[in-house]
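I have placed the structure first, in the form of structure tokens, so that the comments after it can refer back to it.
Below, all heavy atoms of this structure are taken into account, side chains as well, without hydrogens, waters or symmetry copies. Just so you know, these numbers come straight off a predicted model, no measurement behind them.
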Amino acid sequence: MASVEGETLLEGQAQVWQLMFGFVDSMALKCAVELRIADIINSHGGPISLSQIASGIDSPHPDLAYLLRVMRYLVRKQVFSAHEPEDNEETLYGLTDTSKWLLSESDLCLNPMVILQNNPFHLAPWHCLGQCVKEGGFAFEKAHGCKMWDFASQNPEFNRMFNDAMACTSKIFMKAFLSHYKDGFAGVETLVDVAGGIGMVVAEIVKNHPHIKAINLDLPHVIATAPDYPGVRHVTGDMFESIPDADAVLMQRIMHDWEDEECVRILKNCRKAIPGKTGKIIIVEIVLQPNGGSSSSSSTFGDMDLTYDLLMFSHMSGGKERTESEFKKLLQEGGFPRYRIVQIPALLSIIEAYPE
């Protein structure tokens, strides 16, 4: 019996070590992105040697010994594959289904998000979680002295990095969204994307539904960097003040940034912007299971739903992921008594809500 208890205790110790050094995975991934290792391998059309990877790195004298250690770790994590040599030839490194998401020229590239999440500005609030539990308040403000949106408006490089990361993940999500919500835009002639960033999401919707006239609403410092898209009009504004009139309102990953009271204010403005009988809002968010239970997407995305909840804790002033019952309460208070949830093959779900 003591032996069994000793084994389980040892497993507990191993788990603590793995959690303790969880940041190593993220930093090794960032290193691969910064060195463009996936792009270098891909440019050769197949597995290549360490020296060939090194020759593609933007440096006159890359350190092969350091590169070997990074690659060895990323092979263990199945980010890259290693083909063992015969007759003392060099090991050849190839792409996996994981590293294909690190190809910079691909439409499905997560590099901007990898860079954002590992930026020192973005990491600093994570060190304040315990302080928030003790004192209340908001982690990002404790780390930087202001809210994240104010920080972005004052730091153009961080603003660019944030917008690029949001655009890249939105592009990935849009494939699942458009293929599983085809009928959702039937009868919608005008659509406003609230806090739509640089407008990529609504531009993709218009590309697939060219009858729609779209408005992309966001703050001035965001719209200033937004490119022109056919069928999309960029409008500067504040969703807490007013939202342009439209048949439907889209809010993608917006409500999780805000406290309940602020969400209700946004929803009430959405209610004013759409027709009472035919209007609707289209909310795109993670829908948590009660009591931290596993969702239908957990087999693919693991604990990412709860990871995102802690991300909101660390970076947004009162932001959080919500359960269906929490969304229902907000929608009712905001003037949307009727809703339905559309499940798609993604971490996010679609919540379609109606004022009547």
Side-chain angles (χ1 to χ4, degrees), residues 108 110 113 162-163 165-186 188 190-209 212 214-218 222 232 239 243 246-258 260 262-264 266-267 269-271 273-274 279-289 295-297 300-301 304-309 311-312 315-316 319-328 330-331 334 336 338-355:
L108 305 178
L110 281 168
M113 183 59 79
F162 181 86
N163 288 335
M166 294 302 102
C168 90
T169 52
S170 294
K171 188 181 296 185
I172 292 166
F173 165 74
M174 286 307 292
K175 289 190 176 292
F177 178 78
L178 291 170
S179 64
H180 288 77
Y181 194 65
K182 292 178 182 178
D183 299 331
F185 295 106
V188 175
T190 54
L191 174 70
V192 57
D193 189 358
V194 173
I198 59 174
M200 192 282 297
V201 167
V202 76
E204 283 296 310
I205 292 172
V206 170
K207 187 186 297 184
N208 284 264
H209 302 275
I212 293 178
I215 297 170
N216 177 48
L217 175 74
D218 216 311
V222 178
V232 178
M239 62 188 173
I243 291 169
D247 296 323
V249 173
L250 173 67
M251 289 196 294
Q252 186 199 193
R253 296 184 299 173
I254 302 304
M255 293 180 68
H256 73 169
D257 292 339
W258 303 98
D260 290 352
E262 294 166 315
C263 286
V264 171
I266 298 169
L267 288 169
N269 285 337
C270 290
R271 176 66 184 83
I274 62 174
K280 66 180 177 181
I281 57 173
I282 304 161
I283 299 169
V284 178
E285 295 282 357
I286 291 172
V287 179
L288 294 177
Q289 296 300 304
S295 66
S296 59
S297 62
T300 301
F301 292 98
M304 283 306 302
D305 53 348
L306 297 181
T307 299
Y308 258 99
D309 186 46
L311 177 64
M312 295 303 103
H315 286 75
M316 299 301 169
K320 61 180 180 178
E321 306 297 348
R322 293 176 171 90
T323 62
E324 180 179 348
S325 62
E326 289 173 318
F327 276 115
K328 181 179 180 179
L330 293 180
L331 289 168
F336 294 89
R338 191 164 60 91
Y339 73 94
R340 72 183 184 111
I341 296 179
V342 181
Q343 300 290 348
I344 60 175
L347 182 62
L348 301 162
S349 298
I350 300 167
I351 305 172
E352 198 176 63
Y354 319 91

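Checked by atom type and distance alone, the side chain of Asp257 never pairs as donor or acceptor with a backbone atom of Gly319 at under 3.5 Å. At distances below 3.5 Å, not a single donor-acceptor pair connects side-chain atoms of Ser349 with backbone N or O atoms of Ile286. Side-chain atoms of Lys328 never come within 3.5 Å of backbone atoms of Thr323 as a donor-acceptor pair (strictly under, hydrogens ignored). Formation of a donor-acceptor pair under 3.5 Å by the Asn269 side chain with backbone atoms of Met239 is found in this model. Without hydrogens or angle criteria, Asp309 side chain to Lys320 main chain gives no donor-acceptor distance under 3.5 Å. Between the side chain of His209 and the backbone N or O of Ile205, no donor-acceptor pair lies under 3.5 Å.
Residues satisfying the ring pair (Phe, Tyr, Trp, His ring centres under 6.0 Å) criterion with Phe327, sequence neighbours excluded, are absent altogether. Listed by chain and residue number, Asn159 satisfy the side-chain hydrogen bond (donor to acceptor under 3.5 Å, both in side chains) test with Asn163 (two or more places apart in sequence, or in another chain). For Tyr181, the ring pair (Phe, Tyr, Trp, His ring centres under 6.0 Å) partners at least two apart in sequence or on another chain are Phe177, Phe185. In this view, Asn208 satisfies the side-chain hydrogen bond (donor to acceptor under 3.5 Å, both in side chains) rule with no residue, not counting sequence neighbours. Listed by chain and number, the residues in a ring pair (Phe, Tyr, Trp, His ring centres under 6.0 Å) with His256 amount to none (sequence neighbours excluded).
Counting only heavy atoms from C-beta outward, the side chains of Ile350 and Ile344 approach each other to under 4.5 Å. Proximity of Met255 to Leu267: side-chain heavy atoms (C-beta onward) are separated by under 4.5 Å at one or more points. Between Ile266 and Val264, the closest side-chain pair of non-hydrogen atoms is not below 4.5 Å. For the pair Val284/Met251, no side-chain contact is recorded, criterion being any heavy-atom separation below 4.5 Å from C-beta on. Between Leu348 and Val287, every side-chain heavy-atom pair lies at or beyond the 4.5 Å cut-off. Side-chain contact between Met166 and Arg253 is present, with at least one heavy-atom pair separated by less than 4.5 Å. Side-chain contact between Gln252 and Phe173 is present, with heavy atoms from C-beta onward closer than 4.5 Å. Side chains of Met174 and Val201 form a contact here, defined as non-hydrogen atoms less than 4.5 Å apart.
Interatomic distance, Met316 CE to Trp258 CH2, rounded to the nearest 0.5 Å: 8.0 Å. Atoms CD1 and CD1, on Ile283 and Ile254 in that order, are 10.5 Å from each other to the nearest 0.5 Å. With rounding to the nearest 0.5 Å, the separation of CG in Leu347 from CD1 in Ile172 is 12.0 Å. Rounding to the nearest 0.5 Å places NZ of Lys175 at 13.5 Å from OG of Ser170.
A salt bridge between Arg322 and Asp260 is present, with a side-chain N of the basic residue lying under 4.0 Å from a carboxylate O of the acidic one.
Tested against Val232, the residues Ile212, Leu191, Asn216, Ile215 include a single side chain to side chain contact (heavy atoms under 4.5 Å, CB included) partner, Asn216.
Of all heavy-atom pairs between Ala167 and Ile198, the closest is CB-CD1, 4.0 Å. Here the shortest heavy-atom pairing between Ile243 and Ala273 reads O-CB, 3.5 Å. A pairwise comparison of heavy atoms in Met113 and Cys168 identifies N-SG, 4.0 Å as the closest pair. What you find for Val188 and Thr190 is that their closest heavy atoms are CG1-O, 3.5 Å. Scanning both residues, Ser179 and Lys182, for their nearest heavy atoms gives O-CE, 3.6 Å. The heavy-atom pair separating Val206 from Ala214 by the smallest distance is CG2-CB, 3.6 Å.
Using modelled atom types, one finds no donor on one side chain facing an acceptor on the other under 3.5 Å when comparing Glu285 with Tyr308.
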Verdict with reasoning, Phe336 to Ile274, per side chain to side chain contact (heavy atoms under 4.5 Å, CB included): CA-CA 11 Å; Phe336 294 89; Ile274 62 174; 3.8 Å; yes
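Residue pairs meeting the salt bridge (Lys or Arg N to Asp or Glu O under 4.0 Å) criterion with at least one partner in residues 190-205, sequence neighbours excluded, are Glu204-Lys207.
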